[in-house]
Amino acid sequence: MSERRKPYPFDRIEPKWQAVWESERTFHTPNPGEAGFDAAKPKYYVLDMFPYPSGAGLHVGHPEGYTATDIVARYRRMCGYHVLHPMGWDAFGLPAEQYAIKTGQHPAITTARNVAHFKAQLKRIGFAYDWEREVNTTDPGYFKWTQWIFLQLYHSWFNPETQRAEMIATYRGSDPDSVRLAYVAEAPVNWCPELGTVLANEEVIDGKSEVGGHPVERRPMRQWMLRITAFAQRLIDELDGLDWPDGIKLLQKNWIGRSEGAEVHFGIAHPEPVPEERIAANAMSGILHRVRAEEKITVFTTRPDTLFGATYMVLAPEHRLVEAITTEEQWPEVRAYRERTARKSDLERTELAKEKTGVFTGAFAINPVNRERIPIWIADYVLLGYGTGAIMAVPAHDERDFEFAKKFDLPIRQVVQAPQGQESIGFCGDGIAINSPLLDGLQTFEAKAKMSAWLEENGFGKKTINFKLRDWLFSRQRYWGEPFPVVWESGKHRTLDESELPLTPPELADFKPTGTGEPPLAKAKDWLRYSDAATRETNTMPQWAGSCWYYLRYCDPGNAARFVGEESERYWLGADSESKGGVDLYVGGTEHAVLHLLYARFWHKVLFDLRFVSKPEPFQRLVNQGIILGEDGQKMSKSRGNVVNPDDVIAEYGADAFRCYEMFMGPLEQMKPWSMTGVEGVSRFLARVWRLVMSENQAGEWVLSGAVQDAQPDRAQLKVLHATIKKVSADIETLSFNTAISQMMIFVNAFTNAAVKPLSAMRTLLLLLNPFAPHLTEELWETLRAHFPGAKESIAHESWPSFDESYLVEDEIEVPVQVNGKLRDKVTVNKDASVAEIEAVALSAQKIIDHLAGKNVKKVVVVPGKLVNIVAT
RNA sequence: GCCGAUGUGGCGAAAUGGCAGACGCAACGGACUUAAAAUCCGUUUUCACGAAAGUGGAGUGCCGGUUCGAGUCCGGCCAUCGGCACCA
């Protein structure tokens with residue numbers, strides 16, 4: 001196939017302007033104090049979720065959000081803001097390491113190569129990033145401060161009285177290690193044998209690893225944890241002031257999972273003496289002895305009002321009291337059940353959820369409200385990790401308990417009267433308490449309150465709030481991540497001094513997981529040894545660590561003395577007359593709704609409490625772009641062969657067409673399929689813009705069109721011009737880029753056949769189009785400047801145009817006239833016509849008279865400037 | 001199962017409660033051309049009647065409601081997509 005003739009020379013002008021922007025530092029953003037900084041200007045911080053630079057390169061999904069933010073950034077800059085619009089690399093992570101294992105090539109090498117590739121691809125699209133602010137999470141100058149933030153977490157705690165993070169020095173208790181925000185715990189973790197690492201709850205999907213889809217099992221291991229649960233309430237409450245999609249706020253709230261209820265202590269009825277051999281064999285023998293005396297079992301319930309309906313109790317199989325309470329007779333069965341559940345992966349546990357299983361322990365608990373003996377069972381439908389790991393079962397009013405009770409033939413006692421018309425057994429909603437001496441006749445909400453109060457007065461429990469959110473499992477058994485700035489000495493951990501940072505990972509030839517759960521860093525014997533007595537921590541941080549604070553580093557990326565300079569932080573992330581503070585616009589995919597966005601908010605709050613940052617929330621306005629599907633309407637994937645490569649599109653249609661098509665496809669937030677003919681349509685539009693200003697001479701060269709003249713636009717042209725300024729400006733503010741482009745198409749259609757193309761109108765169009773198609777508009781701007789003096793050297797330095805409402809109104813307006821809601825005619829009236837005048841004109845129109853024949857006019861609704869509706873019967 | 005989003009021409013879509021389908025794609029017709037491409041102009045929700053200009057009916061997933069007026073608001077369903085999933 002021969003080379004298709006280009007509709008306009010984008011292949012020449014795009015590289016040209018990209019080179020100019022780079023050499024002129026056109027999009028460099030000065031920091032406070034720097035040359036070119038004007039303190040009077042308001043700030044605008046517009047941020048993209050930085051990419052993981054994978055080997056596959058950029059796909060068309062990346063530039064969707066990036067183009068949206070680029071348009072906003074260029075627009076705001078022209079509106080007179082200092083705009084912070086940076087880009088960087090989330091470059092630690094599993095794929096680079098797995099590639100290293102396969103090829104033996106160091107992850108640093110492949111990462112550098114991938115970053116270079118990504119960067120070249122992004123530059124080809126013409127984004128107005130300030131590349132002098134580029135950050136890379138694998139850069140020692142960067143992860144030094146990731147490690148430094150870890151030190152702040154380690155050296156602080158959450159003071160429940162102030163509800164804030166404070167330095168550990170303010171803690172008055174005896175065991176600071178038990179309250180640090182970064183702590184070590186022996187905890188059941190998500191262990192993935194295939195990846196050779198543990199994973200956060202958030203990284204496990206349906207019992208499989210998010211990366212690679214390998215099976216994950218639970219096993220107890222010693223791990224670093226971050227105490228995010230301390231911030232659970234604030235992470236919910238402080239969502240309120242944020243301009244985020246409601247759906248995302250809800251997703252976070254549900255993930256944090258707050259529920260109000262009560263803790264209730266149940267006594268244990270006459271426990272049998274625990275056999276001596278079980279005590280001897282058990283590490284927790286202390287507990288076994290205590291049980292006989294005063295140990296209680298505490299349950300959490302959201303329905304304390306149903307306490308009289310509790311007919312049995314269930315412990316999680318792993319509950320610490322199981323060994324202590326189980327009778328000799330039931331012990332073999334209980335032990336077998338525990339072993340079976342322990343072997344089950346999370347996946348199996350969910351798959352088998354259809355059928356409830358469980359075993360009776362032989363023991364009984366005493367219900368504090370009525371001194372009733374109820375049997376204690378264990379069952380894997382009760383989870384150790386939530387609440388207290390034990391429940392009181394109220395089968396009459398809880399679906400799961402009901403199912404379990406039916407299967408094992410346990411008693412069911414109704415204690416809530418359902419509203420009329422509903423079956424009370426199995427009813428789980430709010431009703432009236434019955435069969436409950438203390439509570440009879442009360443509404444559910446009253447009964448809950450009364451029971452909670454009663455429990456507290458009598459020492460049987462208290463009102464409690466529970467969260468689904470777990471502490472953040474923060475260590476990984478990986479090579480390609482930030483090492484912990486921690487050493488171990490005689491079984492105790494302590495941190496490195498700030499002066500010892502950054503702690504870089506050791507050189508290793510073999511990155512393979514050990515398979516035992518011991519991290520690969522343990523293989524670096526020299527590195528491992530810190531002193532004669534102390535060895536280094538060998539875990540590394542998860543990939544989320546670097547992305548938790550990168551938006552802070554952009555504000556002051558070269559600062560060697562501080563993670564971000566105070567003045568820079570205050571300017572870019574503080575509030576001013578126009579900004580509520582924080583990142584003013586953050587665009588990225590929904591896949592980060594609960595992971596990155598929750599972690600980053602958590603870190604930010606800690607830094608805020610410790611007075612390192614100005615505002616408690618990092619991202620003021622969040623927008624999620626929708627995913628782009630292949631031309632077949634399916635998710636893009638290599639195996640389907642429907643992947644669109646940005647490089648190919650740019651080679652054929654140019655970067656401006658690529659950018660504009662991505663924005664013209666449909667609403668930013670929506671999922672939408674790619675269409676190559678759609679790209680062609682947008683490319684045609686840009687070519688029409690080009691030909692408004694340029695024409696081809698005899699020699700086949702593009703020269704300024706003779707139709708462009710310094711002439712006054714006519715009335716109709718002024719109307720469409722000002723309508724376009726108005727619509728494009730408003731649409732950029734609301735990120736409705738598709739309709740902004742439609743309006744510019746209308747403009748171009750209106751001018752295409754004009755004999756004279758007025759210079760002022762052409763210039764205004766170029767300004768409006770510049771954020772969308774920066775190369776084309778720069779080139780045309782330059783051509784116009786060469787013939788007509790009086791413009792700035794780069795269109796990027798020009799100001800955004802403003803519109804004049806008076807051009808938008810016509811003297812005569814056309815008003816539709818409806819009869820009984822159906823359009824029957826249109827009449828033309830003066831724009832200032834009164835309601836009575838409009839009504840008179842409408843009623844005298846011939847078609848309307850015809851339609852009203854034989855009817856009585858009941859009412860005439862006149863909406864001035866809009867329409868007339870005549871109601872007639 | 002629970003929570004959320006979405007449902008409009010052949011397709012992507014547009015419409016502060018006020019003319020449904022702007023803008024673009026595709027298709028068809030025309031102009032230019034020896035011809036094609038490119039470009040420019042026009043038609044294009046659907047049904048009925050009409051040679052035509054046109055006239056009339058239906059129409060925004062389904063059923064109902066509020067309103068002079070509903071794609072838009074309210075109630076109830078259905079479908080698709082996404083998230084959570086024994087959270088007591």
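Quick caveat: nothing in here was measured; it's all calculated off a predicted structure. Order of the sequence lines fixes the chain letters, A, B, ..., with proteins taken first and strands second; residue numbering starts at 1 for each chain.
- Under the Watson-Crick or G-U wobble criterion, with both distances below 3.5 Å, B/U43 is paired with B/A27.
- Straight-line distance from the CG atom of A/Asp380 to the C1' atom of B/A88: 15 Å, rounded to whole Å.
- Atom pair A/Glu814:CD and B/G18:P shows a separation of 18 Å (rounding to whole Å applied).
- With hydrogens and angles ignored, a donor-acceptor pair under 3.5 angstrom links the side chain of A/Lys356 to the base of B/C86.
- For A/Asp731 and A/Thr739, the side-chain atoms include at least one donor-acceptor pair closer than 3.5 Å.
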Stepwise side chain to side chain contact (heavy atoms under 4.5 Å, CB included) test for A/Met313 and A/Trp377 = CA-CA 6 Å; A/Met313 174 184 272; A/Trp377 287 61; over 6 Å; no

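- We find that OH of A/Tyr661 is positioned 18 Å from P of B/C23, with the value rounded to whole Å.
- Contact between the side-chain N/O atoms of A/His851 and the OP1/OP2 oxygens of B/G56 is found at a separation under 4.0 Å.
- Straight-line distance between the P atoms of B/A37 and B/A27: roughly 12 Å, to the nearest whole Å.
- One donor-acceptor pair, N or O on each side, does fall under 3.5 Å between the base of B/C19 and the side chain of A/Lys826.
- Using atom P as the reference point in both B/G65 and B/G71, the two lie 15 Å apart (nearest Å).
- Donor-acceptor pairing under 3.5 Å is lacking for the side chains of A/Asn466 and A/Ser259.
- Computed from coordinates, the A/Trp255 CH2 to B/C2 C1' distance equals 15 Å when rounded to whole Å.
- Nucleotides B/U44 and B/G9 place their C1' atoms 10 Å apart, quoted to the nearest Å.
- The listed nucleotides are B/C23, B/G18, B/A88; the one nearest the side chain of A/Lys866 is B/G18.
- As judged by a 4.0 angstrom heavy-atom cut-off over every strand, A/Thr739 is placed among residues touching the sugar-phosphate backbone only.
- Summarising the base pairing, B/G9 is matched to no nucleotide, lacking a Watson-Crick or G-U wobble pair whose two defining distances lie under 3.5 Å.
- A straight line from NZ of A/Lys672 to P of B/A5 spans 18 Å, rounded to a whole angstrom.
- In this structure, A/Gln818 does not reach the B/G18 phosphate: none of its side-chain N or O atoms is under 4.0 Å from OP1 or OP2.
- Distance, A/Gln846 CD to B/G54 C1': 16 Å, rounded to whole Å.
- Applying the 90° criterion around 0 to the glycosidic angle, B/G7 comes out anti.
- The cationic group of A/Lys356 lies under 6.0 Å from the six-membered ring centre of A/Tyr381 and within 45° of the ring axis, placing it in a cation-pi geometry.
- OP1 or OP2 of B/G69 has not a single side-chain nitrogen or oxygen of A/Asn820 nearer than 4.0 Å.
- Residue A/Arg684 has no polar side-chain atom (N or O) positioned under 4.0 Å from OP1 or OP2 of B/A38.
- The 12-atom threshold is exceeded at NZ of A/Lys249, counting heavy atoms of other residues, nucleotides or ligands nearer than 6.0 Å.
- Within 4.0 Å (heavy atoms only), A/Ser259 reaches sugar-phosphate atoms of the nucleic acid but no base atom.
- Spacing of P atoms, B/C28 relative to B/A38, comes out at 13 Å, to the nearest Å.
- For the pair A/Glu680 CD and B/A38 P, the computed distance is 8 Å after rounding to whole Å.
- Remark: the separation of the C1' atoms in B/G69 and B/G50 is 32 Å, to the nearest Å.
- If you check B/U72 for Watson-Crick or wobble pairing at under 3.5 angstrom, you find it has no partner at all.
- Between B/U39 and B/A53, the distance separating the two P atoms is 30 Å to the nearest Å.
- Applying the 4.0 Å criterion to OP1 and OP2 of B/A58, one finds that A/Lys822 has a side-chain N or O inside that range.
- Residue A/Asn254 has no polar side-chain atom (N or O) positioned under 4.0 Å from OP1 or OP2 of B/C2.
- Distance noted for atom C1' between B/C74 and B/U67: 12 Å (whole Å).
- Each of A/Phe685, A/Tyr653, A/Trp674 was compared with A/Tyr661 under the ring pair (Phe, Tyr, Trp, His ring centres under 6.0 Å) criterion, and only A/Trp674 meets it.
- In this structure, A/Arg824 reaches the B/G57 phosphate: one of its side-chain N or O atoms is under 4.0 Å from OP1 or OP2.
- Counting non-hydrogen atoms under 4.0 angstrom, A/Glu399 reaches nothing in the nucleic acid.
- Two residues are said to be in side-chain contact when any heavy atoms from C-beta on lie closer than 4.5 Å; A/Glu631 and A/Asn642 fail this criterion.
- In terms of position on RNA chain B, the residue among A/Phe300 and A/Ala687 whose nearest nucleotide sits closer to the 5' end is A/Ala687.
- Going from atom CZ of A/Arg688 over to atom C1' of B/G24 covers 11 Å, rounded to whole Å.
- A 3.5 Å limit on both hydrogen-bonding distances identifies B/G61 as the Watson-Crick or G-U partner of B/C77.
- Crowding of A/Glu399 atom CD: a count of heavy atoms from other residues, nucleotides or ligands under 6.0 Å not exceeding 12.
- Note on A/Lys847: a side-chain N or O is less than 4.0 Å away from OP1 or OP2 of B/U55.
- In a base pair of the Watson-Crick type (N1 to N3 plus N6-O4 or O6-N4) or a G-U wobble (N1-O2 and O6-N3), with each distance short of 3.5 Å, B/G1 is matched with B/C84.
- Across the interface with RNA chain B, nearest-nucleotide mapping of A/Asn749 and A/Tyr386 shows A/Asn749 to be the residue nearer the 5′ end.
- Here, B/G17 and B/U72 have their C1' atoms 7 Å apart, quoted to the whole Å.
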